[in-house]
Protein chains: 2
Amino acid sequence: MKYQQQAIEKLKEYDVHPSIQRVMILDYLLSCNVHPTVDDIYSALLKDTPTLSRATVYNTVNKLVEVGLVRQLKDIDKKEARYDACLETHGHFKCVKCGKIFDFKVCDKLILDKKLEGFTVNTKTVYFQGVCPECNKVNS
Amino acid sequence: MKYQQQAIEKLKEYDVHPSIQRVMILDYLLSCNVHPTVDDIYSALLKDTPTLSRATVYNTVNKLVEVGLVRQLKDIDKKEARYDACLETHGHFKCVKCGKIFDFKVCDKLILDKKLEGFTVNTKTVYFQGVCPECNKVNS
DNA sequence: AACCTCTTTGGAAAGATTCTAACTTTAGAA
DNA sequence: TTCTAAAGTTAGAATCTTTCCAAAGAGGTT
Ligand SMILES: [Mn+2]
Ligand SMILES: [Mn+2]
Ligand SMILES: [Zn+2]
Ligand SMILES: [Zn+2]
């Protein structure tokens, strides 16, 4: 509930009615930095709200993505999409050994190809895969 | 059938038996630069091979991805995954107006965050969204 | 030919997401 | 406060994509 107030304000700012469920879900997305799946969100919130339905979680994250309050990440997971409430352009690194997902900064001068002159870039998705330092240590 | 021979050689190189269907599908992926979905592939090849099964297309693209001959792209499309036989690291730009997908070069010095020191990067996925020059013209 | 292995097929099944219709809550007017 | 219309939620059915599986097919070897 750390980001409850912030969630309500953001929802209002984006003209989305701040219903209890929407606030809960956005609050959760803002406070956790684990890039959860729909099922992660559902499971986490079910404890406090046993009446919550999966459909509401789907409806809500879809709405949040639609208005631009949340980003959907599909490449990271083989099956389920993941969600990120951090709007700033940043990259994701997934360690293929431990499965952890790390955020990292992406320079704005990412565009280095002359080909992209004339293109208007709205969103940038950067996703790397490899091995994290921890897992690198273990193997060496 | 332009890349048939190349497809056969690549399959052999990656220790995948070059069956008729696999050659067809890889040939198609190599010759078209549209980043097709499974259904695109299936529909396109069905004309010449009416016995082809959807399951075979799934099996084949999964095998090709598994051995590393083809890349799967999930973020581009809301629903279906897309496939790309171009193995060189490159970015994708999708125009939100016309839906076209453009390839562009990505500089190797993409990693600019100190945070990524100590990480071993194996694969890089870069996906931008925005408006292409053509569609930019139309609106202005 | 008989046998072995790898591949494809087609249908069933699973898994994720969306749709639908009934029910509940909200916001604003009376 | 009470009423009403609109918006949101629920549960389950439906749909859509993808995988699984068992049977049939193709090729190669004894
Ligand atoms: Mn993130
Ligand atoms: Mn490409
Ligand atoms: Zn790791
Ligand atoms: Zn365009």
Side-chain angles (χ1 to χ4, degrees), chain A residues 7-8 10-29 35-67 69-83, chain B residues 7-8 10-29 35-67 69-83:
Chain A
I8 293 171
K10 285 208 171 200
L11 286 168
K12 283 181 183 165
E13 187 188 330
Y14 281 73
D15 276 318
V16 181
H17 178 79
S19 66
I20 297 163
Q21 289 85 347
R22 284 173 178 170
V23 173
M24 269 174 76
I25 290 168
L26 183 54
D27 175 18
Y28 180 71
L29 282 169
H35 310 86
T37 65
V38 163
D39 236 56
D40 292 336
I41 301 169
Y42 176 69
S43 310
L45 300 182
L46 201 62
K47 296 166 201 154
D48 302 315
T49 314
T51 74
L52 184 70
S53 128
R54 249 192 200 83
T56 296
V57 181
Y58 276 108
N59 290 340
T60 302
V61 293
N62 285 348
K63 172 63 94 174
L64 295 177
V65 169
E66 183 196 320
V67 300
L69 261 168
V70 159
R71 263 210 299 168
Q72 188 185 47
L73 311 168
K74 297 221 296 182
D75 269 313
I76 289 183
D77 221 284
K78 197 163 168 49
K79 294 189 178 288
E80 295 164 87
R82 291 169 170 275
Y83 297 88
Chain B
I8 293 171
K10 286 210 171 201
L11 286 168
K12 283 182 184 165
E13 187 189 330
Y14 281 73
D15 277 318
V16 181
H17 178 80
S19 66
I20 298 164
Q21 289 85 346
R22 285 175 178 168
V23 173
M24 268 174 79
I25 290 168
L26 183 54
D27 175 19
Y28 180 70
L29 281 169
H35 310 86
T37 65
V38 162
D39 236 56
D40 291 337
I41 302 169
Y42 176 69
S43 309
L45 301 182
L46 201 62
K47 294 168 202 150
D48 302 314
T49 314
T51 78
L52 184 70
S53 130
R54 231 183 272 271
T56 296
V57 181
Y58 275 107
N59 290 339
T60 302
V61 292
N62 286 347
K63 173 63 97 176
L64 295 176
V65 169
E66 182 196 319
V67 300
L69 261 168
V70 158
R71 264 211 299 168
Q72 189 186 47
L73 312 167
K74 296 220 297 184
D75 267 313
I76 290 182
D77 222 284
K78 196 161 169 53
K79 295 186 179 291
E80 297 164 88
R82 292 170 170 275
Y83 296 89

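Every chain is numbered from 1, with letters handed out A, B, ... down the list of sequences. This is a predicted model, so every value here is computed, not measured.
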Inset, instruction - Using a strict 4.0 Å threshold on nitrogen-to-oxygen distance, state whether R54(B) and D39(B) make a salt bridge. - result: yes
Legend entry - Rounded distance (Å) that lies between atom P of dT18(D) and atom NZ of K74(B): 8 Å
Inset, instruction - May I have the distance from M24(A) (atom CE) to dT9(D) (atom P), rounded to whole angstrom? - result: 11 Å
Legend entry - Donor + acceptor pair across side chains of T56(B), N59(B) (<3.5 Å): no
Inset, instruction - Quickly work out the L11(B) CG to dT8(C) C1' distance and round it to whole Å. - result: 15 Å
Inset, instruction - Can you tell me the distance, in whole Å, between the CZ atom of R22(B) and the C1' atom of dT9(C)? - result: 14 Å
Inset, instruction - Starting from P on dT19(D), measure out to NZ on K79(A) and report it in whole angstrom. - result: 6 Å
Inset, instruction - Output the single nucleotide from dT7(C), dA11(D), dT18(D) whose closest atom is nearest the side chain of S53(A). - result: dA11(D)
Legend entry - Closest-nucleotide 5' rank along DNA chain D - winner of Y58(B) and L52(A): L52(A)
Legend entry - Donor-acceptor contact below 3.5 Å, side chain N62(B) vs main chain Y58(B): yes
Inset, instruction - Rounded to the nearest angstrom, tell me the gap between atom OH in Y42(A) and atom P in dA16(C). - result: 14 Å
Inset, instruction - Give a yes or no answer on whether the side chain of K74(A) reaches the backbone of D77(B) with a donor-acceptor pair at less than 3.5 Å. - result: yes
Inset, instruction - Measure from the side-chain heavy atoms of N59(B) and tell me the nearest of dT9(C), dT7(C), dT18(D). - result: dT9(C)
Legend entry - Separation of atom CZ in R82(A) from atom C1' in dT17(C), rounded to whole Å: 17 Å
Inset, instruction - Look at N62(B) and dT19(D) and indicate whether a side-chain polar atom (N or O) is within less than 4.0 Å of OP1 or OP2. - result: yes
Inset, instruction - Look only at the side chain of D40(A) and the backbone of T37(A), and say whether a donor-acceptor pair between them is shorter than 3.5 Å. - result: yes
Legend entry - side-chain N/O T56(B) vs dT7(C) OP1/OP2, d < 4.0 Å: no
Inset, instruction - Using the closest heavy atom to pick a nucleotide of DNA chain C for each, name whichever of Q72(A) or T51(B) lands nearer the 5' end. - result: T51(B)
Legend entry - Whole angstrom value for the distance that separates P of dT19(D) from CD of E66(B): 12 Å
Inset, instruction - Compare side-chain N and O positions of S19(A) against OP1 and OP2 of dA7(D) and report whether any pair is under 4.0 Å apart. - result: no
Inset, instruction - Tell me whether the OP1 or OP2 atom of dT9(C) has a side-chain N or O from Q21(B) closer than 4.0 Å. - result: yes
Inset, instruction - Specify the residue among I20(A) and R54(A) whose closest nucleotide of DNA chain C lies further upstream toward the 5′ end. - result: R54(A)
Inset, instruction - Compare the minimum distances between each of dT7(C), dC20(D), dT26(C) and the side chain of H17(A), then state the nucleotide with the smallest one. - result: dT26(C)
